[in-house]
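Working notes, structure below.
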Amino acid sequence: QVQLVESGGGLVQPGGSLRLSCTASGSIGSINAMGWYRQAPGSPRELAATITPGGRTNYADSVKGRFTISLDNAKNTVFLQMNSLKPGDTAIYYCNANVRQYLAIAADYVYWGQGTQVTVSS
């Protein structure tokens with residue numbers, strides 16, 4: 001099993017910043033990618049940003065230029081620096097990890113964190 005522990009959510013005023021972090025631990029052979037998804041009330045879960053150990057990133061159009069994702073490969077920890085936050089960024093942010101595990105066979109698995117609330121409001 002793999003555990004994802006998230007931190008860094010909270011309440012911030014519009015225009016403010018927050019930094020989320022997520023550490024993966026457990027039976028990890030290697031990380032294929034890690035990322036952040038978000039879900040606003042009444043809306044489906046959507047991609048915010050992803051990153052590979054090689055540094056390849058992918059961002060939702062709605063966060064480009066404001067959010068920066070980074071990965072500490074040695075610590076299996078992914079960060080999401082969120083700047084110029086807007087009320088529309090209010091959501092539960094979920095950490096995601098795609099990992100290669102060597103169990104009975106080698107295979108890739110996807111794990112989710114429990115989520116951390118981000119609220120942007122004045």
Side-chain angles (χ1 to χ4, degrees):
Q1 273 291 355
V2 173
Q3 296 78 41
L4 300 180
V5 178
E6 303 150 331
S7 64
L11 172 65
V12 65
Q13 292 186 341
S17 298
L18 282 175
R19 189 188 194 213
L20 306 182
S21 64
C22 171
T23 299
S25 63
S27 303
I28 299 172
S30 61
I31 297 288
N32 295 321
M34 293 187 73
W36 293 92
Y37 289 71
R38 64 186 186 179
Q39 186 168 21
S43 297
R45 192 174 297 188
E46 63 177 15
L47 167 76
T50 60
I51 187 168
T52 67
R56 180 177 298 177
T57 58
N58 183 37
Y59 293 95
D61 288 342
S62 59
V63 308
K64 283 181 181 177
R66 300 186 298 120
F67 291 10
T68 302
I69 191 169
S70 58
L71 178 63
D72 184 331
N73 291 312
K75 297 181 179 179
N76 291 337
T77 298
V78 64
F79 303 94
L80 187 67
Q81 178 66 43
M82 304 184 293
N83 298 328
S84 301
L85 283 161
K86 305 174 181 179
D89 296 318
T90 296
I92 298 175
Y93 283 70
Y94 295 92
C95 179
N96 170 280
N98 184 312
V99 304
R100 170 62 58 90
Q101 291 184 282
Y102 298 94
L103 304 175
I105 58 172
D108 296 334
Y109 297 87
V110 176
Y111 293 91
W112 293 92
Q114 292 187 330
T116 184
Q117 177 71 47
V118 171
T119 302
V120 184
S121 175
S122 55

Electrostatic pair Asp89:Lys86 at N-O distance under 4.0 angstrom: no

Would you call Asn76 and Ile31 a side-chain contact if the rule is heavy atoms closer than 4.5 Å? yes

The criterion is salt bridge (charged side-chain N to carboxylate O under 4.0 Å, His left out); which residues satisfy it with Arg19, sequence neighbours excluded? none

What pair of heavy atoms forms the shortest contact from Met82 to Leu20, and how long is it? CE-CG, 3.7 Å

Between CG on residue Asn73 and CE on residue Met34, distance to nearest 0.5 Å: 10.0 Å

Find out whether Ile51 and Val78 are in side-chain contact, i.e. whether some heavy atom of one side chain is under 4.5 Å from a heavy atom of the other. yes

Tell me every residue that passes salt bridge (charged side-chain N to carboxylate O under 4.0 Å, His left out) with Arg45, counting only those two or more places apart in sequence or in another chain. none

Considering non-hydrogen atoms only, spot the tightest contact between Gly9 and Val118 and give its length. CA-CG2, 4.2 Å

Can Ser62 and Arg38 be counted as having a side-chain donor-acceptor contact under 3.5 angstrom? yes

What I'd like to find out is whether the side chain of Pro87 reaches to under 4.5 Å of the side chain of Pro14, using heavy atoms alone. yes

Donor-acceptor pair between Thr77 and Thr23 side chains, under 3.5 angstrom: yes

Closest approach of Leu47 and Ala60, non-hydrogen atoms and distance? O-CB, 3.3 Å

Applying salt bridge (charged side-chain N to carboxylate O under 4.0 Å, His left out), can you list everything that pairs with Asp108, at least two apart in sequence or on another chain? Arg100

Steps toward side-chain contact (heavy atoms from CB on, under 4.5 Å) verdict (Val99, Asn32): CA-CA 5 Å; Val99 304; Asn32 295 321; 5.6 Å; no

List the atom of Val2, the atom of Ser27, and the distance in Å for their closest heavy-atom pair. CG2-O, 4.0 Å

Would you say Gln117 and Thr119 make side-chain contact, with heavy atoms under 4.5 Å? yes

If you measure from CD on Gln3 to CD on Gln114, what distance do you get to the nearest 0.5 Å? 10.5 Å

For residues Leu18 and Phe67, determine if any side-chain heavy atom of one lies less than 4.5 Å from a side-chain heavy atom of the other. no

Can you see which heavy atom on Glu6 is nearest to which on Cys95, and at what distance? OE2-N, 2.7 Å

Closest approach of Ala49 to Ile69 (non-hydrogen atoms, all atoms of both residues): O-CD1, 3.6 Å

Flag side-chain contact, heavy atom, 4.5 Å: Leu71 against Phe79: no

Tyr94-Val110 co-clustered via ILVMFWY side chain contacts under 4.5 Å: yes

Would a 4.5 Å heavy-atom cut-off, applied to side chains only, mark Ser17 and Gln81 as touching? yes

Gln101 versus Tyr111, side-chain donor and acceptor atoms under 3.5 Å: yes

With a 4.5 Å limit on heavy-atom distance, are the side chains of Cys22 and Trp36 in contact? yes

Taking the ring centre of each residue, are Tyr37 and Trp112 less than 6.0 Å apart? yes

To the nearest 0.5 Å, what is the distance between OH (Tyr93) and OG1 (Thr116)? 10.5 Å

